[in-house]
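Only one structure is covered here, and it is reproduced in the block below.
All values below were derived from every heavy atom in this structure, side-chain atoms included, with hydrogens, water molecules and symmetry-related copies excluded. Predicted model only: the values in this text are computed from it and were never measured.
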Amino acid sequence: RSGYGSSANTPKVRVLRNSLNVPVFAFDANTDPEIAIKEVGFNIDMLLMEDLHAPIQTIFVGTSLGGWLASEMGAKYGIPVIAINPSFDPKNSLKKYDLAEGILNKYTAIKLSKKNVYFFAEHDSVIDNTVFRQELIDQGYEVYIDSDADHQYLGKSFDKVIEYIKKSYMVLPNSI
């Protein structure tokens, strides 16, 4: 899932689908976090139930607000997350989009896990993550900072994420 105001058919989703030889699923998400968690969770449940015994490795990938949502889903399902420029405090970072106070108040801080990997643009023009990423580093989380990336994290920067996924999560046929 990509960030605020985007859809399940973003350039990053297309790159993931074209670069990985595995199914890639993306879901649109409501800006109301209670609805988003419920609806995306339902879609994930349906996918996981298709073949309960399939030997699959599942990861969640999300950018910005999608990184926050991926972290929520990762905590719920015990699945690792790749969070790219995640919105770590959406209650505050979304204020500039004039969302209703009632919706903003439903957001909590991002759920962190040592299973997760965090990718950041060194100079993100949308979310100032400088203090947050340093706290993650200080606490021993796996953090990557790209000096060439911007908030969108496309091109060569996103290629690094793809390579990380291939290296860390893909099981090659010859290794079985």
Side-chain angles (χ1 to χ4, degrees), residues 1-16 24-50 58-139 141-146 149-154 157-158 161:
R1 165 81 163 102
S2 290
Y4 175 78
S6 66
S7 74
N9 192 26
T10 66
K12 280 189 215 69
V13 172
R14 288 192 296 277
V15 169
L16 284 168
V24 173
F25 301 95
F27 310 106
D28 288 333
N30 195 294
T31 55
D32 183 320
E34 290 176 353
I35 294 171
I37 290 167
K38 183 178 178 181
E39 291 177 348
V40 171
F42 175 80
N43 288 321
I44 292 167
D45 289 345
M46 294 299 102
L47 286 171
L48 294 174
M49 288 177 28
E50 282 182 11
T58 302
I59 61 170
F60 296 136
V61 179
T63 301
S64 193
L65 188 58
W68 176 87
L69 182 57
S71 296
E72 287 287 318
M73 296 292 100
K76 178 178 178 178
Y77 291 93
I79 291 175
V81 171
I82 294 181
I84 304 164
N85 286 328
S87 179
F88 55 92
D89 183 15
K91 182 177 181 176
N92 287 309
S93 65
L94 292 173
K95 283 182 181 178
K96 61 185 161 195
Y97 299 108
D98 294 324
L99 287 175
E101 194 73 24
I103 293 200
L104 289 173
N105 287 334
K106 293 179 183 182
Y107 280 99
T108 59
I110 193 170
K111 288 187 170 58
L112 302 176
S113 171
K114 296 287 182 163
K115 290 181 181 183
N116 298 353
V117 180
Y118 302 89
F119 286 84
F120 294 99
E122 185 173 9
H123 303 289
D124 187 329
S125 61
V126 176
I127 299 172
D128 182 2
N129 58 42
T130 311
V131 172
F132 176 64
R133 70 178 189 233
Q134 189 59 52
E135 289 172 357
L136 292 177
I137 292 167
D138 292 347
Q139 295 173 30
Y141 288 91
E142 190 170 358
V143 173
Y144 295 91
I145 302 170
D146 190 323
D150 60 14
H151 186 73
Q152 294 296 314
Y153 225 93
L154 293 169
S157 297
F158 194 62
V161 175

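- A distance of 12.0 Å separates CG in D124 from CD1 in I145, rounded to the nearest 0.5 Å.
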- Message: Before you tell me yes or no, could you show the steps for N43 and M73 under side chain to side chain contact (heavy atoms under 4.5 Å, CB included), namely the whole-Å CA-CA distance, both residues' side-chain angles and the distance that decides it to 0.1 Å?
- Response: CA-CA 11 Å; N43 288 321; M73 296 292 100; over 6 Å; no
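- In this structure, the separation between OG1 on T10 and CG on D28 is 10.0 Å, given to the nearest 0.5 Å.
- At distances below 3.5 Å, not a single donor-acceptor pair connects side-chain atoms of Y141 with backbone N or O atoms of E135.
- Between the side chain of W68 and the main chain of T108, a donor-acceptor pair closer than 3.5 Å is present.
- Taken to the nearest 0.5 Å, the OG atom of S125 stands 9.0 Å off from the CG atom of N85.
- Residues passing the ring pair (Phe, Tyr, Trp, His ring centres under 6.0 Å) test with F88 are F132, sequence neighbours excluded.
- Among pairs with a residue in residues 64-79, those fulfilling salt bridge (charged side-chain N to carboxylate O under 4.0 Å, His left out) read E72-K111, at least two apart in sequence or across chains.
- Counting heavy atoms from C-beta outward, L65 and Y107 have side chains that approach closer than 4.5 Å.
- With respect to F25, the side-chain contact (heavy atoms from CB on, under 4.5 Å) criterion is satisfied by exactly one of L47, V13, T58: L47.
- When atom types are taken as modelled, the side chain of N30 and the backbone of P33 share no donor-acceptor pair closer than 3.5 angstrom.
- The CG atom of L104 sits 9.0 Å away from atom OG1 of T31, with the distance rounded to the nearest 0.5 Å.
- No donor-acceptor pair under 3.5 Å is formed between the side chain of K12 and the backbone N or O of G62.
- Rounding to the nearest 0.5 Å gives a distance of 12.0 Å between CD1 of I127 and CZ of R133.
- Not counting sequence neighbours, the partners of D32 by the side chain to side chain donor-acceptor pair (under 3.5 Å) test are K106.
- Counted within 6.0 Å of CE on M49, heavy atoms from surrounding residues, nucleotides or ligands total 12 or fewer; the atom is thus considered open.
- Using a distance-only test at 3.5 Å, with no hydrogens or angles considered, no donor-acceptor pair links the side chain of D146 to the main chain of F119.
- No donor-acceptor pair under 3.5 Å is formed between the side chain of N116 and the backbone N or O of Y118.
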- Message: Please evaluate residues D138 and Q134 with respect to the criterion side chain to side chain donor-acceptor pair (under 3.5 Å), reporting the C-alpha separation (whole Å), side-chain torsions for both, the decisive distance (0.1 Å), and the verdict.
- Response: CA-CA 6 Å; D138 292 347; Q134 189 59 52; 2.8 Å; yes
